[in-house]
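Below, each value reflects all heavy atoms present in this structure, side chains not excepted, and no hydrogens, waters or symmetry copies. Counting starts at 1 for both ligands and their atoms, in listed order.
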Amino acid sequence: MERPVPMDSRSGKIGIVGTGLIGASWGAFYASKGLAVSLFDADASARQAGRERTFTYLTFLKEQNLLDAEGYDQAIASVTLTDDLSEAVGGARLIQESVSERYDVKKDVFRQIDRAAPPDAILASSSSGLLISELQTVMQHPGRSLIAHPFNPPHLIPLVELVPGKQTAPEVLAEAKALFESLGKVPVVLNQEVPGHIANRLQAAVWREAIDLVLKGVASVADVDKALAVGPGIRWALMGPHMIFHLGGGPGGIQHFIDHVGVSFDKLWADMASWTSLPAETTDALVSGVREEAGDTPAAELARWRDEKIVQLLKAIHDD
Ligand SMILES: NC(=O)c1ccc[n+]([C@@H]2O[C@H](COP(=O)([O-])OP(=O)(O)OC[C@H]3O[C@@H](n4cnc5c(N)ncnc54)[C@H](O)[C@@H]3O)[C@@H](O)[C@H]2O)c1
């Protein structure tokens with residue numbers, strides 16, 4: 001497929017299809033980078049609420065000095081809302097599909113986008129767990145589609161997981177990667193499709209063990225959360241487990257770590273949870289444990305605190 005000149009961070013239009021939690025946040029992200037954003041959702045009230053949330057996120061970025069006054073005004077002016085999918089994706093360079101996580105819903109939307117978008121527009125799906133190869137089966141131009149899975153909230157978290165399907169054109173993957181990099185995202189590329197991509201699988205592995213420690217009575221919900229957040233979590237904001245253990249191996253690095261410490265993990269793995277569906281008692285244990293941990297602080301206040309700290313962390317990480 002003939003590819004046009006790659007879009008840089010100051011040109012092109014983005015069509016957002018589905019303006020729920022993720023679509024609205026993507027809208028703020030792209031608008032904050034100076035791109036024209038057209039928002040569409042099949043549900044009128046979700047559409048309105050989505051635009052409001054996009055504006056709220058842009059205001060947050062301005063308050064956090066991640067967007068100056070001029071950039072903010074431009075971003076607000078660049079966001080349009082439409083009740084017509086064809087209008088949202090018409091003339092777009094990239095469409096960020098963010099509708100409900102169901103094959104029937106996404107396939108229907110993929111068909112519509114495929115018909116209405118320019119043939120060289122990239123169709124990027126936010127899907128957390130569906131296979132792009134399956135979604136491609138309904139497309140006339142499957143080569144231009146891939147998964148671009150964000151980590152919530154996309155207007156703050158740098159990670160985007162790129163997953164090509166069986167029919168994704170290699171140049172489309174390369175163009176999407178270059179685009180996200182030019183916009184300040186940190187893309188990772190999966191060489192094969194697996195449910196949950198990379199980051200959600202890692203989260204699922206840790207969460208299973210975290211739940212199991214609570215259910216076995218080893219520690220409270222609050223202490224399990226604390227052990228992760230103020231221990232490994234601080235290092236994990238900077239580097240992944242392999243680099244961490246490379247440093248843990250001293251001068252011998254990862255080789256020394258595997259040879260001398262790695263074996264001690266065998267006993268842990270043998271003792272750890274391996275169940276594949278949530279035990280029945282999970283809900284009661286987690287609901288009461290989280291209630292105790294959160295106290296009277298409303299979730300919205302905790303989310304605000306989290307987002308402000310994420311911004312400070314990102315500034316610290318990128319300031320060297
Ligand atoms: N929630 C997360 O933390 C998270 C993180 C990363 C990726 N994702 C992925 O992002 C996607 C959206 O998730 P969400 O959490 O924003 O869901 P959501 O329920 O908040 O939003 C989905 C939106 O899609 C709209 N929609 C449904 N059918 C539609 C159609 N036919 N045409 C247009 N719009 C339609 C709904 O009205 C709704 O506003 C999913 O694929 C999900 O896997 C979610």
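Nearest non-hydrogen protein atom to atom 3 (O) of ligand 1 is N152 CB, 3.6 Å. Among protein heavy atoms, atom 27 (C) of ligand 1 sits closest to S100 OG, 3.3 Å. With respect to atom 35 (C) of ligand 1, the closest heavy atom belonging to the protein is V99 CG1, 3.6 Å. In terms of protein heavy-atom proximity, atom 9 (C) of ligand 1 is closest to S126 O, 3.3 Å.
R111 and V138 get closest at one heavy-atom pair: NH2-CG1, 3.5 Å.
Ranked by closest heavy atom to atom 21 (O) of ligand 1, the top entry among G23, G18, A44, G20 is G20. When the options D41, D104, I22, I16 are ranked by their closest heavy atom to atom 2 (C) of ligand 1, first place goes to I22. Of all the listed residues (S125, P150, A42), A42 holds the heavy atom that lies closest to atom 34 (N) of ligand 1.
F151 does not count as a contact of ligand 1, since none of its heavy atoms falls under 4.0 Å from the ligand.
Using a 4.0 Å threshold on non-hydrogen atoms, atom 19 (O) of ligand 1 does not count as touching the protein.
Contact check on D212 versus K216 returns a salt bridge, with a Lys/Arg side-chain nitrogen under 4.0 Å from an Asp/Glu carboxylate oxygen. A salt bridge is absent between E181 and K185; no separation between the charged side-chain nitrogens and carboxylate oxygens falls under 4.0 Å. A salt bridge between D307 and R304 is absent, with no side-chain N of the basic residue lying under 4.0 Å from a carboxylate O of the acidic one. The pair E134-K166 fails the salt-bridge criterion, with no side-chain N (NZ, NE, NH1 or NH2) lying under 4.0 Å from an Asp/Glu carboxylate O. Electrostatic pairing of R144 and D114 counts as a salt bridge here, judged by a charged N lying under 4.0 Å from a carboxylate O.
Partners of R235 by side-chain hydrogen bond (donor to acceptor under 3.5 Å, both in side chains), not counting sequence neighbours: none found.
Counting the atoms of ligand 1 from 1 in the order shown, those under 4.0 Å from a heavy atom of A46 are 37 (O), 39 (O). Which parts of ligand 1 touch S128 is read off a 4.0 Å heavy-atom cut-off, strictly below it: atoms 6 (C), 7 (C), 8 (N), 9 (C), 42 (C), 43 (O), 44 (C). The ligand atoms of ligand 1 that sit less than 4.0 angstrom from a heavy atom of V105 are 28 (N). Taking every heavy atom of K106 and a limit of under 4.0 angstrom, the matching atoms of ligand 1 come to 40 (C), 41 (O). Proximity to D43 (heavy-atom distance under 4.0 Å) selects the following atoms of ligand 1: 37 (O). Atoms of ligand 1 found under 4.0 Å from any heavy atom of V109, numbered from 1 in the order shown, are 30 (C), 31 (N), 32 (N). Of all the atoms in ligand 1, the ones that sit under 4.0 Å from a non-hydrogen atom of H149 are 6 (C), 7 (C). Listed by number with element, the atoms of ligand 1 under 4.0 angstrom from any heavy atom of L21 are 1 (N), 15 (O), 16 (O), 20 (O).
Ring geometry, F151 versus H149: the interplanar angle exceeds 60°, so the pair is classed perpendicular (tilted spans 30 to 60°).
Q96 and S126 form a side-chain donor-acceptor contact under 3.5 Å, judged by distance and modelled atom types alone. No donor-acceptor contact under 3.5 angstrom links the side chains of H197 and E161, judged on distance only.
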Practice prompt. Show your working on salt bridge (Lys or Arg N to Asp or Glu O under 4.0 Å) between E175 and R93 and close with a plain yes or no.
Written response: CA-CA 11 Å; E175 188 183 341; R93 286 294 299 110; 2.5 Å; yes
